[in-house]
There are 2 protein chains.
Amino acid sequence: MARLPEYLRALHNLAETGHETVSSEGLANAAGVNSAKLRKDLSQLGSYGTRGVGYDVGLLIDQIEYVLGLTQRRAVALVGVGNLGHALAGYDGFASRGFRIAALLDADQERVGEEINGLVVQHIDELPRVAAEESIAIGVIATPAAAAQRVADQLVAVGVTSILNFAPCVLSVPEGVDVRKVDLAIELQILSFHEHRKASLTALPAAGGSALTALPGGLAVTESQEAIGT
Amino acid sequence: MARLPEYLRALHNLAETGHETVSSEGLANAAGVNSAKLRKDLSQLGSYGTRGVGYDVGLLIDQIEYVLGLTQRRAVALVGVGNLGHALAGYDGFASRGFRIAALLDADQERVGEEINGLVVQHIDELPRVAAEESIAIGVIATPAAAAQRVADQLVAVGVTSILNFAPCVLSVPEGVDVRKVDLAIELQILSFHEHRKASLTALPAAGGSALTALPGGLAVTESQEAIGT
DNA sequence: AGGCGCTTGTGAAGACGTGCACAAATCGCG
DNA sequence: CGCGATTTGTGCACGTCTTCACAAGCGCCT
Ligand SMILES: NC(=O)c1ccc[n+]([C@@H]2O[C@H](COP(=O)([O-])OP(=O)(O)OC[C@H]3O[C@@H](n4cnc5c(N)ncnc54)[C@H](O)[C@@H]3O)[C@@H](O)[C@H]2O)c1
Ligand SMILES: NC(=O)c1ccc[n+]([C@@H]2O[C@H](COP(=O)([O-])OP(=O)(O)OC[C@H]3O[C@@H](n4cnc5c(N)ncnc54)[C@H](O)[C@@H]3O)[C@@H](O)[C@H]2O)c1
């Protein structure tokens, strides 16, 4: 389930604020989901809370971290140390959430040798050696779109089976390799769509427009968070 | 539909490579989705292709851009010009996809006055004035999680109804305000989950483990892209 | 003009996710 | 020890999304 990491983050927050147990409703609130959904997710997971009491925060954290495979600190290789790559390399949120940036790689000789956050940028051709030394589990692509497919192929070639792609393009990978994409422009465009929809609704409260102007009203967008509490 | 932006990007690619028309199958491939799904999405949209030929690329781009509300170049305010904020401010992919970064805001006096990409960082207290001047449509939050809710409140107070949040926390906003969240650690954790699942499957090909080790096999994660072609 | 191949648009079936509502279980307290 | 308050786990129904499959439509070639 894609919501498990969200629960995990909320649980860590709760643990830091001293809570030892939490009810499904409390955790659901903290994670921004329905309590029934949360209970169903957690029951799928096999972990058990105590009826009448709730869930043991520490136990649940361990359970979720186990299922997510976070018991081992996975090594991440970051390819493309440009504008975005720098920000990612300097981000401490990875380390605190179960990951270790094990290598920074770039094709630009100008960048090779640069040190960021205690790591030295290496040339992309070093990838096979680095992968062997560090047993890279996840590859992050932060290169321009034109280079992304090639980098993906290189990552796959050295045995990486999970890729996080920031370049705005679709990657072709062999079966068994997982790709997740983050595209900021797409996120903005989805927001823009909602803006447009909202504008159309207020401007034309009682239908009337052409098929085109009336259209945006009925479309749905998933994965969004709208209007949670106040 | 959340897939429209993906189609749009693929269409722009096709337009640049000289294609004038495209079949649903061709576009579906380029966007990494099923062709039937794509046709259904496009028919929902009301735009029409020509049977036996396909879709007119230029026309379809116009249609989708209209529905997404990209005919007007929306103004974006970026709050939190730190590690990540710098990368975003320096990113040219926004401008080319229908957006204009209209303001950079930060609470740190040290950062106020700094110029990035032709824009000067202003103090967050200037937000009301900036919003009035630039008619901000979308707010991007790139501050630490602890400040995110406060910033969101400030954005809402000046009339922003769409927020893109990079801070790892859930935001409470009034009804009618849309929030989308991007959390890189969550993306990595989902990949880690898949790694774990794959490892469990190869290690225990014929069941046998405890309930816990057997569990990761049956869980699904949406929004991912797995094994598309080769 | 007619037929043929190709492509769209869509009906229907199935899979999937969501949320309600309630029984079962546990704890605390009298 | 028993009862009530509380909370989990889940059966069920409903709506949505996905995919297949095919009829209808269009253009081209003869
Ligand atoms: N900067 C952002 O905020 C941002 C936001 C969203 C998406 N993106 C996307 O992220 C990607 C990177 O953006 P950026 O702003 O950092 O670009 P950038 O040009 O600053 O950095 C790209 C880096 O990749 C390196 N590179 C190029 N080809 C390579 C190869 N074959 N192997 C290894 N390294 C290679 C370059 O040397 C450069 O250092 C782009 O696809 C962009 O669309 C960036
Ligand atoms: N750097 C990354 O690659 C990365 C990746 C994923 C998520 N994030 C998240 O993005 C956020 C920012 O990360 P960062 O690395 O840029 O942090 P950062 O500390 O480098 O930058 C945060 C900036 O926000 C400013 N700020 C703080 N409070 C503010 C307020 N109330 N109003 C306006 N500005 C305020 C600070 O002055 C600072 O400039 C964090 O929540 C982080 O978890 C960052």
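Chain naming here is simple, since letters A, B, ... match the order of the sequence lines and numbering starts at 1 in each. Since the structure is predicted, the reported quantities are computational estimates derived from the model, not experimental observations.
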Nearest-0.5 Å distance that lies between atom [atom1] in [X] and atom [atom2] in [Y]:
X       : Y       : atom1 : atom2 : answer
I163(A) : I141(A) : CD1   : CD1   : 5.0 Å
E65(B)  : Q189(A) : CD    : CD    : 8.0 Å
L27(B)  : Y7(B)   : CG    : OH    : 7.5 Å

Main chain of [Y], side chain of [X]: is a donor-acceptor contact present, judged purely on distance under 3.5 Å?
X       : Y       : value
N165(A) : C169(A) : yes
R100(A) : R74(A)  : no
H196(A) : Y66(B)  : yes
R73(A)  : A95(A)  : yes
R9(A)   : A31(A)  : no

query = If you check the S23(A) side chain, which of dT7(D), dT7(C), dC27(C) turns out closest?
reply =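 The listed nucleotide nearest to S23(A)'s side chain is dT7(D).
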query = What's the closest nucleotide to the Y55(B) side chain, out of dG9(D), dT8(C), dC27(C)?
reply =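 From the listed options, dT8(C) comes nearest.
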request  = Would you please confirm or rule out a distance under 4.0 Å between OP1 or OP2 of dT7(D) and any side-chain N or O of S24(A)?
outcome  =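 Negative; the distance criterion is not met.
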task = Check the pair N29(B), E25(B) against side chain to side chain donor-acceptor pair (under 3.5 Å), reporting the backbone distance first and the verdict last.
result = CA-CA 6 Å; N29(B) 259 359; E25(B) 188 126 347; 5.8 Å; no
In whole angstrom, what separates [X]'s [atom1] from [N]'s [atom2]?
X      : N       : atom1 : atom2 : value
L60(B) : dT8(C)  : CG    : P     : 11 Å
Q44(A) : dT8(D)  : CD    : P     : 17 Å
Y48(A) : dA24(C) : OH    : C1'   : 18 Å

message = As a test of understanding, state which of V76(B), I136(B), L127(B) forms a side chain to side chain contact (heavy atoms under 4.5 Å, CB included) with V160(B).
response =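 Answer after filtering V76(B), I136(B), L127(B): I136(B).
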key: Members of residues 9-19 of chain B that approach DNA chain D, where some heavy atom sits under 4.0 Å away   = none
remark   = Closest non-hydrogen atoms of S192(B) and L70(A), given as atom of the first, atom of the second and distance, are OG-CD2, 3.6 Å
Using the 3.5 Å cut-off, write out each protein N or O paired with an N or O of nucleotides 1-3 of chain D and the distance between them.
none

ask   = Tell me, for nucleotides 19-24 of chain D in 5' to 3' order, what letter each nucleotide earns: B for a base near a protein heavy atom under 4.0 Å, S for only sugar-phosphate near one, - for neither?
value = BBB--B
